[in-house]
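Computation of the quantities below employed the complete heavy-atom set of this structure, encompassing side-chain atoms and omitting hydrogens, waters and symmetry-equivalent molecules. Reminder, nothing fancy here: chain letters follow the sequence lines and each chain counts from 1. A quick note: this is a predicted structure, and the numbers were derived from the prediction, not measured.
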Amino acid sequence: MLGYIWHYVYSSFLRHWLKWLIRQVTGQCELQRICSTYKPGAPRTSRAEHSLRSSKSKVLREALESNRDKLEQRVEEIIKVKNIKPQKDPLFKGSLHVCLLQITGYSSLCVSVEDLRKKVFDSEDQDHEAMLFNLWGLLMPTVKLESRMTKQWGDIGFQGDDPKTDFRGMGMLGLINLVFFSENYTEEARQVLSHANHPKLGYSYAIVGINLTEMAYSLLRSGALKSHFYNTVEGTPELQHFHQLYCYLAYEFDKFWLAEEPESIMHFNQYREKFHDKIKTLLQEPDVGLRLTVQSGKK
Amino acid sequence: MSGLLSILRKLKSTPDQEVRILLLGLDNGGKTTLLKHLASEDISHITPTQGFNIKSVQSQGFKLNVWDIGGQRKIRPYWRNYFENTDLLIYVIDSADRKRFEETGQELAELLDEEKLSGVPVLIFANKQDLLTAAPASEIAEGLNLHTIRDRIWQIQACSALTGEGIQEGINWLCKNVNSKKK
């Protein structure tokens with residue numbers, strides 16, 4: 001209760017008085033101080049985001065909802081409202097622009113990812129079908145698929161004769177992630193698949209992949225991936241960066257699973273949660289960057 | 001003093017009876033969606049079940065512990081690991097997947113033959129009634145020869161785990177028949 005009152009008093013009055021006082025002493029506004037004190041990436045962008053969001057000025061708050069091509073204009077407006085002298089702080093404009101590209105980019109990435117998730121796999125759609133066959137070809141280059149409906153799909157970890165029903169709540173997002181991993185990290189994907197097909201320690205490659213897409217998706221939605229993207233993408237995070245994160249999860253989960261040596265596939269959810277917690281802990285580090293690093297050092 | 005304590009204990013409501021419910025059926029039948037619906041959780045981000053999910057739901061003075069076991073062929077052999085002490089069985093059928101009626105009938109027949117499940121009341125959910133192509137519950141009951149089941153009480157209930165229609169009726173039936181396992 002006391003904490004709650006303190007928080008209210010602080011955010012409604014004290015914070016503004018304190019900011020005003022520091023501004024008088026240093027001659028710089030909070031955003032300038034953030035940009036000059038903290039290094040580019042999550043340490044700077046997360047603080048700038050918080051500062052803009054809790055600002056009393058509409059111009060500052062609205063910059064967070066702005067379109068990408070209007071951002072430079074927004075930066076100019078902020079400079080004007082905050083009465084900042086560009087000659088005195090020549091780096092500020094560029095720094096704030098990058099922060100805003102990252103912050104607004106994260107929101108638009110959420111929208112693009114949601115659109116793909118909502119797109120249902122459709123067997124009538126030639127592109128969807130082609131993507132599915134492409135996945136097979138990338139993972140099983142030497143084995144021919146006998147027909148569209150076949151038990152062979154089980155060899156890459158789908159549940160039944162028709163992969164269509166396995167995408168479910170993740171829609172095309174699940175398939176695109178699977179294909180992206182196989183296309184950009186072909187060797188690694190095949191290696192993960194061979195582990196997944198291990199008679200004792202195995203799991204269903206494709207549906208675990210779809211499950212990990214759900215993990216990536218929920219991390220994105222909760223905002224947990226902000227630090228990661230602020231640190232690894234100097235500008236607007238795009239879909240490909242989300243797919244890259246999926247590749248990291250797919251590769252790392254496989255390593256984790258093998259190391260844990262679970263009794264059987266029936267314990268999947270228990271280990272999934274353990275892995276999920278591990279990732280969430282990593283994401284709390286201010287300098288987090290979840291990059292897939294291949295042991296042989298090719299990529 | 002001890003008298004006072006015992007009065008206090010009596011005043012505290014008696015704990016709910018725990019019921020172990022097994023949720024089985026082929027993959028893509030809608031088991032997890034049903035489970036999430038029972039637990040009033042979001043059903044829009046569901047993915048295929050690797051292994052199992054478990055949730056506890058309070059209903060009509062019972063604590064229902066529902067075990068949702070993945071239905072893909074590869075993990076069906078593990079179903080038997082969960083049979084012990086089962087009070088009720090829910091079997092979920094995708095009423096629109098006519099191509100697999102035979103397969104689902106076979107799996108159900110094998111379950112009903114299991115010694116560890118003998119006498120356990122079974123509720124069959126004819127799921128996905130929201131789809132236009134869904135077969136009505138009566139047709140499924142006939143196709144699966146449900147009327148030949150004599151060794152336990154059973155019920156078939158049309159439902160849609162997506163819209164929630166029919167689920168409460170099924171749960172009511174379960175709660176009414178919790179203690180009617182034939183010995």
Can you pull out the donor-acceptor contacts between chain A and chain B, under 3.5 Å, including backbone atoms?
residue, atom, partner, partner atom, Å
A/Arg117, NH1, B/Ser44, O, 3.1
A/Arg168, NE, B/Asn28, OD1, 3.4
A/Gly169, N, B/Ile46, O, 2.9
A/Ser204, N, B/Gln50, OE1, 3.2
A/Ser204, OG, B/Gln72, OE1, 3.4
A/Ser204, OG, B/Gln72, NE2, 3.4
A/Asn211, ND2, B/Thr47, OG1, 3.4
A/Tyr217, OH, B/His45, NE2, 3.3
A/Asn269, ND2, B/Phe52, O, 2.7
A/Asn269, ND2, B/Asn53, OD1, 2.8

Checklist outcome for this item: Residues at least two apart in sequence or cross-chain that pass ring pair (Phe, Tyr, Trp, His ring centres under 6.0 Å) with B/Phe83, listed by chain then number, are none
Checklist outcome for this item: Contacts of A/Glu285 meeting salt bridge (charged side-chain N to carboxylate O under 4.0 Å, His left out) (sequence neighbours excluded), chain-then-number -> none
Checklist entry - Between A/Met266 and B/Ile69, is a side chain to side chain contact (heavy atoms under 4.5 Å, CB included) present by the stated rule, with each step listed? => result CA-CA 9 Å; A/Met266 297 313 282; B/Ile69 321 281; 3.5 Å; yes
Next on the checklist: I need the residue from B/Ile46, B/Leu26, B/Ile43 with the largest number of non-hydrogen atom pairs under 4.5 Å to chain A.
Outcome noted: B/Ile46
Checklist entry - Looking at residues at least two apart in the chain, or sitting in another chain, which of them share a side-chain contact (heavy atoms from CB on, under 4.5 Å) with A/Asn67? => result A/Asp69, A/Lys70
